[in-house]
There are 2 protein chains.
Amino acid sequence: MYETKESSTNQLNISIALNKCPVTYTLHKIGGRWKPLIIYHLTSGPLRYGELKKAIPAITEKMLIQHLKELEADGLVNRKAMPVVPPHVTYSLTASGEALAPVLNAMAAWGMHYSKEETS
Amino acid sequence: MYETKESSTNQLNISIALNKCPVTYTLHKIGGRWKPLIIYHLTSGPLRYGELKKAIPAITEKMLIQHLKELEADGLVNRKAMPVVPPHVTYSLTASGEALAPVLNAMAAWGMHYSKEETS
DNA sequence: ATTAATACATACTTTTTGGTAGGTACTAGT
DNA sequence: ACTAGTACCTACCAAAAAGTATGTATTAAT
């Protein structure tokens, strides 16, 4: 029968999980394909758009800018544009972005440990 | 023009990101909509399938079993079936599942801190 | 007039993830 | 013969995320 609902259960369930689970909340903020890599590269200091692109060659410009916009909207990243031409824009981590460091470290430690076991 | 590629760039990019970034690896393992909640409920001890369902009312049976299968395949969760009827199956965390605790704690701490700021 | 440099924007398509609705197997108890 | 109880399975569909291709603005240098 497959009736179409007015408001998607998917969206509803996202907010249920977000409210019930702070882990899901965090996951939602850093959960894009390239977001951890972007954040990682910014931990060593601010970078220009083009520098990020070079640092992550496999990312397309669309995904890079899209993730940067989301990270900015979520308050994890600052965008600073100099009104010159050609444009000069730098991205840096905000306080809450920097505060992700222990999270990323814990995840990296787990990931390195258990991805090694997999291949052995 | 949109030519269709034989092997999706999406899949390729997943493995690029997985290889470059242990954080992405970890994210990939716990990244389902309900996985953090499932793991969280299992931290207090083994639970039966039906108990998990009651613990997370909003999840559908399809998603529950699907996530459990993935968690099992990824070695985070053990499945123990008693050959009785009606069936009796319990799920518990493996060593690597338990080892996620610091990761989840870090994520929960960050999530609780920064989701509060958002609503204030 | 054309090019170079930089940081995007947008229309469209593909791939993946999540949700809906229903069904199955097995046995003990009535 | 029928029901209850438990743990699933399987088509099918919808929504979200990711990728492709191409275009835009500005100005200084050639």
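Sequence lines set the chain letters: A, B, ... in the order given, protein chains first and strands last, and positions in each chain run from 1. Side chains included, hydrogens not; waters and symmetry mates left out as well; all remaining heavy atoms used.
Per the geometry, NZ belonging to Lys69(A) stands 18 Å off P belonging to dA17(D), to the nearest Å. Distance Asn10(B) CG to dA16(D) P: 17 Å, rounded to the nearest Å. In this structure, NE2 of His67(A) is placed 18 Å from C1' of dA7(C), rounded to the nearest angstrom. For the pair Gln11(A) CD and dT17(C) P, the interatomic distance rounds to 17 Å; values are reported in whole Å. Atom C1' of nucleotide dA7(C) and atom CG of Leu68(A) are separated by 11 Å, given to the nearest angstrom.
With contacts defined as side-chain heavy-atom distances shorter than 4.5 Å, the pair Leu52(B)/Ile59(B) does not qualify. Within the 4.5 Å cutoff, no side-chain heavy atoms of Glu51(A) are placed close to those of Thr90(A). Between Tyr91(B) and Leu68(B) the shortest side-chain heavy-atom distance falls below 4.5 Å. Between Asp74(A) and Leu71(A), every side-chain heavy-atom pair lies at or beyond the 4.5 Å cut-off. Using a 4.5 Å heavy-atom threshold, the side chains of Met82(B) and Val89(B) count as separate.
At distances below 3.5 Å, not a single donor-acceptor pair connects side-chain atoms of Thr26(B) with backbone N or O atoms of Trp110(A).
Sorted by residue number, the members of residues 73-89 of chain B with any non-hydrogen atom under 4.0 Å from DNA chain C read Val85(B). Near DNA chain D, meaning a heavy atom under 4.0 Å from it, residues 26-43 of chain B has no residue at all. A heavy-atom distance below 4.0 Å to DNA chain C is reached by these residues of residues 48-66 of chain B, ordered by number: Thr60(B), Lys62(B), Met63(B).
Not one side-chain nitrogen or oxygen of Thr9(A) sits closer than 4.0 Å to the OP1 or OP2 atom of dG18(C). Taking only side-chain nitrogens and oxygens, Asn13(B) comes nearer than 4.0 Å to OP1 or OP2 of dG19(D).
No single ILVMFWY cluster, assembled from side-chain heavy atoms under 4.5 Å apart, contains both Leu27(B) and Tyr40(A).
Screening Leu18(A), Ile16(A), Leu12(A) for a side chain to side chain contact (heavy atoms under 4.5 Å, CB included) involving Ile14(A) leaves a single residue, Leu18(A).
Comparing dA18(D), dA15(D), dC9(D) by their closest approach to the side chain of Ser8(A) singles out dA15(D).
Between atom OG1 of residue Thr24(B) and atom CG of residue Asn13(B) there is a gap of 11.5 Å, rounded to the nearest 0.5 Å. Atom-to-atom distance recorded for Met107(B):CE and Met107(A):CE is 5.0 Å, nearest 0.5 angstrom.
Contact check on Glu70(B) versus Lys35(B) returns a salt bridge, with a Lys/Arg side-chain nitrogen under 4.0 Å from an Asp/Glu carboxylate oxygen.
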